[in-house]
Amino acid sequence: MEKVKVRVKGKEYEVEKGTPLGRVFELAGIRDAIGGVLEGELIDLQTPLRRGGEVKPVYRGSREGLEIMRHSLAHIMAQALKELYGPSRVRLGVGPTTEEGFYYDVEVEGKTITEEDLPKIEEKMREIIRRDYPILRRELSREEALELFKRLGERYKLDIIRDIPEGEAISVYEQGDFVDLCRGPHVPSTGKVGSFKLTSVSGAYWRGRSDQPQLTRIYGIAYWSDKELRERLKFYEEVKRRDHRRLGRELEFFTIDDNVGAGLILWLPRGAIYRKVLEDYLREEHLKRGYQLVYTPHVGKSKLWETSGHLECYRENMFPAMKIDDEEYYVKPMNCPFHIAIYKSRVRSYKELPLKLFELGTVYRYELSGVLHGLLRVRGFTQDDAHIICTPEQVDDVIRETLEFALSTLKDFGFDEFKIYLSTRPEYSIGSDEQWERSQNALRKAIEGLGYEYEVDEGGGAFYGPKIDVKIRDALGRMWQLSTIQFDFNLPERFDMTYVGADNKRHRPYMIHRALLGSIERFTGILLEHYAGLLPIWLSPTQVIVIPIADRHHGYAREVLERLRSEGIRAEGDFREERMNAKIRDAELKKIPVILVVGDREMQSGTVSVRSKKEGNLGSMELSRFVEWIKEKIRNKE
RNA sequence: GCUGGCGUAGCUCAGUCGGCAGAGCGCGGGAUUUGUAAUCCCGUGGGCGCGGGUUCGAGUCCCGCCGCCAGCUCCA
C-alpha cells in the first residue's frame, strides 16, 4: 500500500494513502478540529489524504473554519427546503460560500420562495442543527453518481457531474436523509455551525446564462458568534442609513424624475452649488498642471464614430442615432473623438507636447434599466476627462505626473487608502511590442516611484493599451474604482494623429485617456456615502447657518450674515418664527457644518456662539476670529 | 433585458374578511420671543402607479402595462 507523509505540529506521520485527515489528527492528539489546511488547500476531517505535506488544523471560530461552516450551512438550508416543501419538489443548483455567508440556488416546483418564507426556513435549519446529524463524505464512481442524482430528480446536479473532469473524485455529503453532490469541505456534524441569518432571495440563471432556467437564489450571512453576526447586520443597517439616494433627497442634492427618464440626474440647487465648488476645484487644479480646458458638443456625425470604432465596438452602449439633414448623429458616449478633432485642428509640433486637453464632458451611455442605481449607475454623466498626447520620450514623465495628480486629488477628498491595479497586454491586442513595453514600463515605474504597492492584472488591459486603475476604500471599508490612466494605441492610428518632430518628419504620438474621479455623479454618490452626508466644510452647500434667538436679534444676525458672505463664505440665516432649539435641530438634520447662535450676549459683545457639527458647542468667538477659523478649515479642506 | 418583491398625501408608513381613504412629519395661518436637537392651536393635502375585468360595492380579488428596489461574476 502506498504511503503518504503528513506533518502536523512539527511531527511527521506516515499513513496509508487515502486515510482521512481526522485519523491523522487522532494520532496527533488533536481532538476538536473541524478541518485542516493541507498545503494551502482547505479540507475536512473526512477528506482522504492523497498527498502528503504540512497540515494545519482548523478550529471553530477561525477564519478558515468560517468557510467550511458556511458551506455546511448552505447544505443545511437545502435540507431544510427539502423537508419543508418535499424532497421531490426541490431541485438544487449550486450552493457556495460568499464573502459574508453563503447562498443556494434552488428551484421549488409550484412555489416561489419569497422573503416571507425565510423565517420558516431559518426555523427548520435550526431544527436540523439541533438534531446534530453527522455529515458523512462518500466517494462515488461517475456512474453511481449519475444514477443517484437521476433517481433524486436533480437535473442540475447531473449537469455538474457531466462537467467534472475524468479522473477527479466525485464526492457526496450526507446528513440524515439528505444527500448532496459536493466537493466539501464540511464540518463534522450539523451542530457545529455558527450564527446565521437568511437575508434575501433573488433570481439567478442556472450557470449565469440567460438561456438557462432561472433559479431562486437564497442568501444568508454567517459568522461564528452571535456578536459578529449582529455587528455585520448593523453594518448593513449603516449602509442603508448612508444610502446616497436617501441622503441625496434629504439634503436636496438631486432627484430623478420618471417623466425625464431613468438614469438621468436632475441636480437641485444645493447639489448644484456643491457641484460648482467641485468643478471649480477640478478646473483650477488642471490649469495649475498645464492642462488646457476645452468644451465639445454632445453629438457627432456617424462618420466620426465609425472612424473611432465606437459604432463597431461600443454600439450596444450608445443611444440610437438621430437623423438630421439626411445625416446620422450620435449622442457621445465618450469625449475622445472630439478631443482628437481639437488636436487635429492644426498641425502640431513636438514643441507643444505633451498636450493635455481637459473637459468636464457629459456623456450618455445606454445601460440596461435593471442596472441603474441612483447616482452610482446612470445613463448620463459628466466625466473629468482628459487626453494627453505626447512623444514616446515623454511617456514616463507624463504618467508619473498623472498618477501623482490622481492620488493627490483623491486625498483632497478625504480618501487616503488606495489600491492600484496595473493591467497588461491581453492575448488579442493591437500596437507594437515597443509601444506596449514602453507604456507598461512607464506605468510600473510611476507606481513604484511613488512607493505604492500594486497588483498586476496580467493580460487584463484593453486590446488597445495597458492601464492603471486606482481604487479607494471608503469609510465603510468598501472599495470603489475612481481613477483610471489608460494608453490608447488605437485611436491615434484610426484618426491618423501626427506631430512634426525635430527631424521635420511626421510622427505618431502616444495618447493617454485619464479620469481622476471618473464621473461627477458617481463620485458624488460615493462621497455622500463615505461622509454619511456630512460633507467637509469646503464642499458643503451651506457652510454656516446663523440662528437669531429672538426677533430683536435679527438685525445683528443679518450683519453677521453679510460679513460672512462678503468673505466668500456660503452662509444662510434662519429667520423663521421658531424656537432656537427647533432651528438648531433643523440645521443639524440638514447636516450644516457650523451653526452660529446670536442672542443678547453676542449682540452686545460683537461675537458669535459657535456650534460645530463635528465638535459640538465651542462657545463664543469674536466674529473676525470666527471668519479666520472657518477660512482656515476651508483652506485645509477639512 | 430576465426573475422576484414593492407602488396609498411632498416624505415615512397604517389601512383587518371586499363596505365612508388614515397617522406622523412637511406645508399654510395664528398664538408664543425663546440660550444649544422638535412650543402650542387651527387648517391644507390622495385620480390609492396606469388600463381593463370580477362584484350591488375594489386601495383590497384577477389580467395586462408602467415605475422603483434587490439579484442575475464569485464553478458540486
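Protein chains get the first letters and strands the later ones, always in sequence-line order, with residue 1 at the start of each.
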Residues which pass side chain to side chain donor-acceptor pair (under 3.5 Å) with A/Glu602, listed by chain and number, not counting sequence neighbours: none
Touch class at under 4.0 angstrom, heavy-atom based, for A/Ile595 against every strand present: nothing
Nearest listed nucleotide, side chain of A/His373, among B/C74, B/A70, B/A76: B/A70
Set of salt bridge (Lys or Arg N to Asp or Glu O under 4.0 Å) partners for A/Lys150, sequence neighbours left out: none
Span that lies between the P atom of B/G4 and that of B/C40, in whole angstrom: 48 Å
Phosphate-side-chain proximity, A/Tyr103 and B/A70, N/O vs OP1/OP2 below 4.0 Å: no
Short of 4.0 Å, heavy atom to strand atom, which residues of [range] count as contacting RNA chain B?
| range | value |
| --- | --- |
| residues 596-603 of chain A | A/Val597, A/Gly599, A/Asp600, A/Arg601, A/Glu602 |
| residues 241-253 of chain A | A/Arg245, A/Arg249 |
| residues 540-554 of chain A | A/Ile549, A/Ala550, A/Asp551, A/Arg552 |

Check: A/Tyr330 ring centroid to A/Phe319 ring centroid under 6.0 Å: no
Under 3.5 Å donor-acceptor pair, A/Arg162 side-chain atoms to B/A76 base atoms: no
For a quick check under 3.5 Å, do [X] and [Y] share a side-chain donor-acceptor pair by atom type?
| X | Y | result |
| --- | --- | --- |
| A/Glu107 | A/Tyr156 | yes |
| A/Thr542 | A/Glu572 | yes |
| A/Glu144 | A/Ser141 | yes |

Short side-chain to backbone donor-acceptor contact, A/Arg91 and A/Val106, under 3.5 Å: no
Taking only distance into account, with no hydrogens and no angle test, what donor-acceptor pairs under 3.5 Å do side-chain atoms of residues 69-81 of chain A form with protein atoms, sequence neighbours excluded?
unit_1	atom_1	unit_2	atom_2	d
A/Arg70	NE	A/Ala222	O	2.9
A/Arg70	NH1	A/Glu99	O	3.2
A/Arg70	NH2	A/Glu100	O	3.3
A/Arg70	NH2	A/Ala222	O	2.9
A/Ser72	OG	A/Ile68	O	3.3
A/Ser72	OG	A/His186	ND1	2.8
A/Ser72	OG	A/Val187	N	3.0
A/His75	NE2	A/Asp180	OD2	3.3
A/His75	NE2	A/His186	NE2	3.4
A/Gln79	OE1	A/Gln175	NE2	2.9
A/Gln79	NE2	A/Gln175	O	3.3

